[in-house]
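In what follows, a structure is listed as structure tokens, so that the remarks can point back to it.
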Amino acid sequence: MTIRVIIVDDQAMVRAGFAALLSAQADIDVVGEAPDGREGVRVSRTVHPDVVLMDVRMPELDGLSAARELLDPPPGVVHRPKVLMLTTFDIDDYVYEALRAGASGFLLKDAPPADLIAAVRVVASGEALLAPSVTRRLIADFVRQRPAPRKDPALRLNGLTPRETEVLELIARGLSNQEIAAHLVLAEQTVKTHIGRVLGKLDLRDRAQAVIFAYEAGLVRPGDTG
């Protein structure tokens, strides 16, 4: 199935470069572009892409605000694309807030072309782009510096079984499904089942939000290592 993508960035050269790269892939179709967040939201609601590549810093409406509009649409708007944030900086307040809002991950603009192509495919498949350790560092840094107001996530942990809590902690430490399975001596399919239950019980969209939740609940603390 072809992955439908739109590119939202205020730099025409960046849009053109990304569009040329992605359009060359047999399974990716660039169906729209926009120079700012406001236009990006309009284009997205018109062409219904699977993935939106969203720059963080733009005029009119920044990427964070645009991502929030797409991921938490008003009544009557059904389409919710996956959002992949693009940024020049690996530590960026906007990126952290975008992950909390439901973005599926972020990518540095100077990442190798193969990484961009892979990121679009990963996000389109429903996974969060959490592989780079910089994502976990970003989350840890901002939880340490500015703990977010919360409805006591620690209490919500009480709804998880001990095994589910253990799986959530390992997700937050950056382990893949395969690594979690090896660590807990479980089948990988069993790990996937546990992750699905964790996301469902905590009302989390994906692994990115699971990592943030684990830090904010105190299950994992900045400086902890896997």
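Hydrophobic clustering (ILVMFWY, side-chain heavy atoms < 4.5 Å, transitive): Val77 and Val47 are in distinct clusters.
Separation of atoms CD (Gln25) and OG1 (Thr2) is listed at 12.0 Å; rounding is to 0.5 Å. Note that CG of Leu168 and CG of Leu204 are 8.0 Å apart. Values are rounded to the nearest 0.5 Å. To the nearest 0.5 Å, atoms CG (Asp36) and CZ (Arg42) are separated by 10.0 Å. One finds the NZ atom of Lys82 at 14.0 Å from the CG atom of Leu53 (value rounded to the nearest 0.5 Å). To the nearest 0.5 Å, atoms OG1 (Thr46) and NE2 (His48) are separated by 7.5 Å. With rounding to the nearest 0.5 Å, the separation of NE2 in His183 from CG in Leu170 is 5.0 Å.
The main-chain N or O of Thr165 is never found under 3.5 Å from a side-chain atom of Glu169 such that the two would form a donor-acceptor pair. Looking at Glu179, its side chain does come within 3.5 Å of a backbone N or O of Ser176 through a donor-acceptor pair. At distances below 3.5 Å, not a single donor-acceptor pair connects side-chain atoms of Arg156 with backbone N or O atoms of Ala217.
Between Arg15 and Pro35 there is a side-chain heavy-atom pair separated by less than 4.5 Å. By the 4.5 Å heavy-atom criterion applied to side chains, Leu86 and Phe18 are counted as neighbours. Taking 4.5 Å as the limit, some side-chain heavy atom of Lys109 sits within range of a side-chain heavy atom of Asp55. For the pair Ile3 and Val123, the minimum side-chain heavy-atom distance is 4.5 Å or more. Side chains of Leu219 and Phe213 form no contact here, defined as non-hydrogen atoms less than 4.5 Å apart. At a threshold of 4.5 Å between non-hydrogen side-chain atoms, the residues Asp10 and Glu60 do not count as touching. Residues His79 and Pro73 form no side-chain contact, since every pair of their non-hydrogen atoms from C-beta on lies 4.5 Å or further apart. Residues Val5 and Asp29 form no side-chain contact, since every pair of their non-hydrogen atoms from C-beta on lies 4.5 Å or further apart.
Remark: of the listed residues Asp9, Leu70, Asp62, Thr87, Leu70 is the sole one forming a side-chain contact (heavy atoms from CB on, under 4.5 Å) with Met54. With Val120 as the fixed residue, the side-chain contact (heavy atoms from CB on, under 4.5 Å) test singles out one of Asp50, Asp27, Ile28: Ile28.
The minimum heavy-atom distance between Leu84 and Ala119, with the atom names listed, is CD2-CB, 3.7 Å. Across Ala210 and Leu199, no two heavy atoms sit closer than the pair CB-CD2, 4.0 Å. Pairing each heavy atom of Ala172 with each of Val211, the nearest pair is CA-CG2, 3.9 Å. Taking each heavy atom of Ala19 and Ile7 in turn, the nearest pair found is N-CD1, 3.4 Å. Scanning all heavy atoms of the two residues, the minimum distance from Ala103 to Met85 falls at CB-CG, 4.0 Å. When all heavy atoms of Arg80 and Leu71 are compared, the pair lying nearest together is NH1-O, 2.7 Å.
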Evaluate the side-chain contact (heavy atoms from CB on, under 4.5 Å) criterion for residues Arg38 and Met58: first the C-alpha distance (whole Å), next the side-chain angles of each, then the deciding distance (0.1 Å), finally the verdict. CA-CA 10 Å; Arg38 180 67 61 204; Met58 291 182 293; over 6 Å; no
Before giving the answer on side-chain contact (heavy atoms from CB on, under 4.5 Å), spell out for Leu186 and Arg163 the whole-Å C-alpha distance, their side-chain angles and the decisive distance to 0.1 Å. CA-CA 11 Å; Leu186 296 172; Arg163 178 63 86 191; 4.1 Å; yes
Please report the C-alpha distance between Leu157 and Leu160 in whole Å, then the side-chain angles of each, then the deciding distance to 0.1 Å, and finally whether the side-chain contact (heavy atoms from CB on, under 4.5 Å) criterion is met. CA-CA 6 Å; Leu157 285 174; Leu160 302 182; 3.9 Å; yes
Report the C-alpha separation of Thr161 and Arg197 in whole Å, then their side-chain angles, then the decisive distance to 0.1 Å, and conclude whether the side-chain contact (heavy atoms from CB on, under 4.5 Å) test is met. CA-CA 10 Å; Thr161 66; Arg197 288 174 179 161; over 6 Å; no
